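The structure's right below; bear with me while I get my questions together.
This is a predicted model, so every value here is computed, not measured. Lettering follows sequence order; numbering is per chain, from 1.
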Protein chains: 2
Amino acid sequence: MPAKKPAFKRRSGCPLNASVEMLGDRWSLLIIRDMMLLGYRTFKEFLNSHERIASNILADRLLRLENYGIIASARDLSDGRKQIYSLTPKGLGLAPVLTEMVLWAAAYEDTGNQALVRLIHKDKDGFLAQVRKRFANRSSPAK
Amino acid sequence: MPAKKPAFKRRSGCPLNASVEMLGDRWSLLIIRDMMLLGYRTFKEFLNSHERIASNILADRLLRLENYGIIASARDLSDGRKQIYSLTPKGLGLAPVLTEMVLWAAAYEDTGNQALVRLIHKDKDGFLAQVRKRFANRSSPAK
DNA sequence: AATGTCACTTGTGAATTGCAAGTTAAAATG
DNA sequence: CATTTTAACTTGCAATTCACAAGTGACATT
């Protein structure tokens with residue numbers, strides 16, 4: 001059963017507003033992209049990601065995303081210093097949102113990673129199924 | 001021919017990053033929603049929208065969205081005080097992004113407007129075709 | 001025991017946001 | 001044609017958020 005109530009007051013009940021309040025900033029979706037497409041799991045990996053997020057912002061966003069139930073965190077068993085972050089089903093459910101945002105930007109802007117764009121374009125449903133499968137298997141990251 | 005170059009430097013070439021830099025804030029997508037789904041066209045209409053955006057933020061966002069080519073503006077011929085804002089094809093191209101965000105939030109959060117959610121769920125492609133058609137006709141707003 | 005790594009936290013200034021109160025130009029009214 | 005109203009912004013200011021640099025403490029490696 002989905003549909004959890006928010007612990008705070010929303011500006012409106014519109015579902016789009018709910019999405020925007022959870023994800024409407026310059027970093028959250030990039031972190032989710034790194035987890036979903038690149039298999040990133042640790043603070044350091046996110047920190048070294050291409051767009052160079054600041055460490056305090058990263059810490060804040062990870063906490064926020066965890067509070068929203070989009071990601072989960074646990075200590076690494078083999079190395080007690082490490083936190084391992086992972087997508088929850090709710091986070092994984094953002095795959096269609098990410099793919100549509102990728103397709104939109106690729107259609108109207110001059111962007112890189114055209115290989116990914118072509119792959120999504122060619123078989124969107126297949127791509128989404130592949131993402132889901134990779135996380136169902138808990139196997140190695142994409143790249 | 002799509003794919004325009006940005007006039008400024010992006011943090012990365014990733015298409016998702018491009019989307020996030022253009023739309024990653026708490027208001028832009030809500031303005032686009034108001035235009036796309038409710039047929040809003042004037043400053044005052046956006047200002048009176050449910051989430052209560054501040055006027056300076058609204059002015060800033062309208063300018064940003066226009067600079068990104070997502071919306072266009074023109075003076076109202078019958079009332080010289082009014083600016084009429086409208087979606088460009090690029091802005092209209094955001095319809096799939098909005099619908100996926102709506103579906104995601106509706107699936108995992110307790111949100112309102114379930115009528116819209118059910119409509120989208122039942123026939124997503126039909127819904128998108130309907131939005132496109134409404135703007136092709138330049139006819140009256142949805143509501 | 002010494003050094004390095006990892007995940008943060010703190011401090012600092014700059015930029016952005018939100019709210020209230022103007023301002024300007026163009027209708028509408030009397 | 002003078003006054004009022006309306007629409008679309010500005011401006012000022014306090015509060016929040018952001019980016020960058022520099023710690024800190026727990027743990028791992030040597």
Inter-residue atom distance B/Lys44.NZ - B/Ser55.OG, 0.5 Å rounding:
13.5 Å
Nearest heavy-atom approach of B/Gly91 to B/Met36 is O-CE, 3.5 Å
Looking only at the side chain of A/Asn56 (C-beta and beyond, no hydrogens), which of the listed nucleotides D/dA8, C/dG18, C/dT9 gets closest?
C/dT9
Taking CD1 from A/Ile31 and C1' from C/dA7, how many angstroms apart are they, rounded to a whole number?
14 Å
5′-ward residue of the pair B/Ala59/B/Arg11 relative to DNA chain D
B/Ala59
Could you tell me the separation between the OG1 atom of A/Thr111 and the CG atom of B/Leu16, rounded to the nearest 0.5 Å?
10.5 Å
Can you give one letter per nucleotide of nucleotides 22-30 of chain C, going 5' to 3': B for a protein heavy atom under 4.0 Å from the base, S for sugar-phosphate only, - for none?
----BS---
Search all heavy atoms of A/Asp34 against all heavy atoms of A/Ser49 and return the closest pair with its distance.
OD2-OG, 2.8 Å
Separation of atom CZ in B/Phe46 from atom P in D/dA8, rounded to whole Å:
9 Å
Rounded to whole Å, CG of B/Leu58 lies from C1' of D/dT10 at a distance of 13 Å
Which part of the nucleic acid does A/Arg61 contact within heavy-atom distance under 4.0 Å: base, sugar-phosphate only, or nothing?
sugar-phosphate
Candidate nucleotides D/dA8, C/dT17, D/dA19, ranked by approach to the side chain of B/Ile57 - the nearest:
C/dT17
State, with a plain yes or no, whether a side-chain heavy atom of B/Tyr85 is found less than 4.5 Å away from one of B/Met35.
yes
Is there a side-chain contact between A/Ile120 and A/Val102 in this structure, where contact means two heavy atoms from C-beta onward sitting under 4.5 Å apart?
yes
CH2 of A/Trp27 versus P of C/dT16: gap in Å, rounded?
14 Å
With heavy-atom distances below 4.5 Å as the criterion, would you say the side chains of A/Ile31 and A/Arg64 are in contact?
no
Between A/Glu21 (CD) and C/dG18 (C1'), how many Å, whole number?
14 Å
A/Arg26 CZ - D/dC18 P separation (whole Å):
10 Å
Run the salt bridge (charged side-chain N to carboxylate O under 4.0 Å, His left out) test against A/Lys124 and tell me which residues pass, sequence neighbours left out.
A/Glu100
Taking the side chain as every heavy atom from C-beta outward, state whether B/Met22 and B/Lys90 have any atom pair closer than 4.5 Å.
yes
Axis-to-axis angle between the two ends of the helix from C/dA1-D/dT30 to C/dG30-D/dC1 (five base pairs per end, rounded to 10 degrees)
10°
Take A/Gln83 and B/Asp25, find for each the nucleotide of DNA chain C with the closest heavy atom, and name the residue whose nucleotide sits nearer the 5' end.
A/Gln83
On the nucleotide D/dA7, are OP1 or OP2 found under 4.0 Å from the side-chain N or O atoms that B/Lys82 carries?
no
Round to the nearest Å and state the distance from A/Lys44 atom NZ to D/dA28 atom C1'.
13 Å
How many Å lie between CG on A/Asp76 and P on D/dA28, as a whole number?
9 Å
